[in-house]
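What follows is a set of notes on a single structure, which appears directly below.
When reading the values below, keep in mind they use all heavy atoms of this one structure, side chains included, and skip hydrogens, waters and symmetry mates.
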Amino acid sequence: MLTDYNIKRKGSRREIWLAIFPFIQFMLVLIALQCALILLSGAAGEEAQEAFRVRVIADSNTAEAQLVKAGVAGEVSRLLNQAALTDPSGIEALIPEMTLAAEAASGGIPVRVMHGSAFFPPKVVGGGYIPQTRTDSLVVMLGSGRGDNWWCALFSDVCEPGEVAAEEEETEEEPVTFFIIEWLKSLFG
């Protein structure tokens, strides 16, 4: 005769559900965080989509043409900041002054400054996506205008990250310190 033994069954459905439930909760929290980040990061793109834009297009993609474009973009930014415009209607009055400043910064390359509706390619700004569209803008074209462009959205302060923005934001970095290490040094040092 065979000896009796206890048959162990895999847990009941309730026990299985209780084991899986924390994992499901964790996944739902991760999905909620991801959705919140997507919604919050898209705000910059929506602001820039509705804003008045300024675009500087280089003559070509050579290094010299890109340096000229960066200089002209700096002059255009300086003039727009000095004007302290509150709406796009004041741009028309700045066009002659902007043309003279751009021609001086371009070093003899012909400059055209146009105000009106212009095509903008799609961009990713601050995690937000701006679809391609035609929008009211100021376009500064250097020479033939076949090079890379720099653009900026006014009245929401969204500029394309690039050489001009990098030059303006040269800040001194502070060394990283950790609280616990500093505390231990003060106790034992």
Side-chain angles (χ1 to χ4, degrees), residues 37-176:
L37 288 174
I38 289 171
L39 291 174
L40 293 175
S41 66
E46 291 171 7
E47 288 175 3
Q49 186 175 353
E50 297 171 2
F52 182 82
R53 299 184 193 180
V54 177
R55 183 177 183 185
V56 180
I57 306 173
D59 186 33
S60 65
N61 283 336
T62 63
E64 299 84 26
Q66 294 300 311
L67 285 173
V68 169
K69 175 192 75 176
V72 170
E75 284 297 311
V76 168
S77 294
R78 184 185 59 79
L79 282 172
L80 290 172
N81 288 335
Q82 284 178 350
L85 300 171
T86 56
D87 63 2
S89 62
I91 296 289
E92 287 291 333
L94 283 177
I95 289 179
E97 184 180 352
M98 200 171 296
T99 304
L100 290 174
E103 284 175 351
S106 71
I109 297 174
V111 175
R112 288 181 288 166
V113 179
M114 300 164 281
H115 177 249
S117 179
F119 173 77
F120 277 81
K123 287 281 183 190
V124 176
V125 177
Y129 175 75
I130 303 173
Q132 73 181 26
T133 183
R134 287 191 141 318
T135 185
D136 189 29
S137 63
L138 182 71
V139 177
V140 180
M141 189 176 299
L142 305 172
S144 63
R146 295 180 179 252
D148 290 337
N149 68 78
W150 171 90
W151 70 271
C152 190
L154 295 182
F155 314 119
S156 66
D157 297 330
V158 177
C159 290
E160 177 183 64
E163 299 167 9
V164 176
E167 291 172 6
E168 292 175 358
E169 294 186 14
E170 291 182 17
T171 59
E172 187 176 316
E173 293 185 24
E174 294 183 20
V176 178

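Take E103 and apply the side chain to side chain donor-acceptor pair (under 3.5 Å) test, not counting sequence neighbours, and it matches no residue. With sequence neighbours excluded, the residues satisfying side chain to side chain contact (heavy atoms under 4.5 Å, CB included) with S144 are D59, R146. Taking the side chain to side chain donor-acceptor pair (under 3.5 Å) definition, one finds that T62 meets it with S60, sequence neighbours left out. Not counting sequence neighbours, R112 has no partner by the side chain to side chain donor-acceptor pair (under 3.5 Å) test.
For the atom pair CE of M98 and CD of E75, the computed distance is 10.5 Å after rounding to the nearest 0.5 Å. Rounding to the nearest 0.5 angstrom, the gap separating the CD atom in Q66 from the CG atom in L142 is 9.5 Å. Between the NE2 atom in H115 and the OG atom in S137 there is a gap of 7.5 Å [rounded to 0.5 Å].
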Legend entry - I95 vs L138, side chain to side chain contact (heavy atoms under 4.5 Å, CB included): CA-CA, chis, key distance, verdict: CA-CA 9 Å; I95 289 179; L138 182 71; 4.1 Å; yes

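Closest of all the heavy-atom pairs between V111 and A102 is CG1-CB, 3.6 Å. Shown here for I109 and G143, the closest heavy-atom pair between the two residues is CG2-N, 3.5 Å. The minimum heavy-atom distance linking V72 with A105 is given by the pair CG2-CB, 4.0 Å. Heavy atoms only, all atoms of each residue included: E97 and L79 are closest at OE2-CD2, 3.2 Å. Contact between A65 and A58 at its shortest, heavy atoms only, is O-CB, 4.0 Å.
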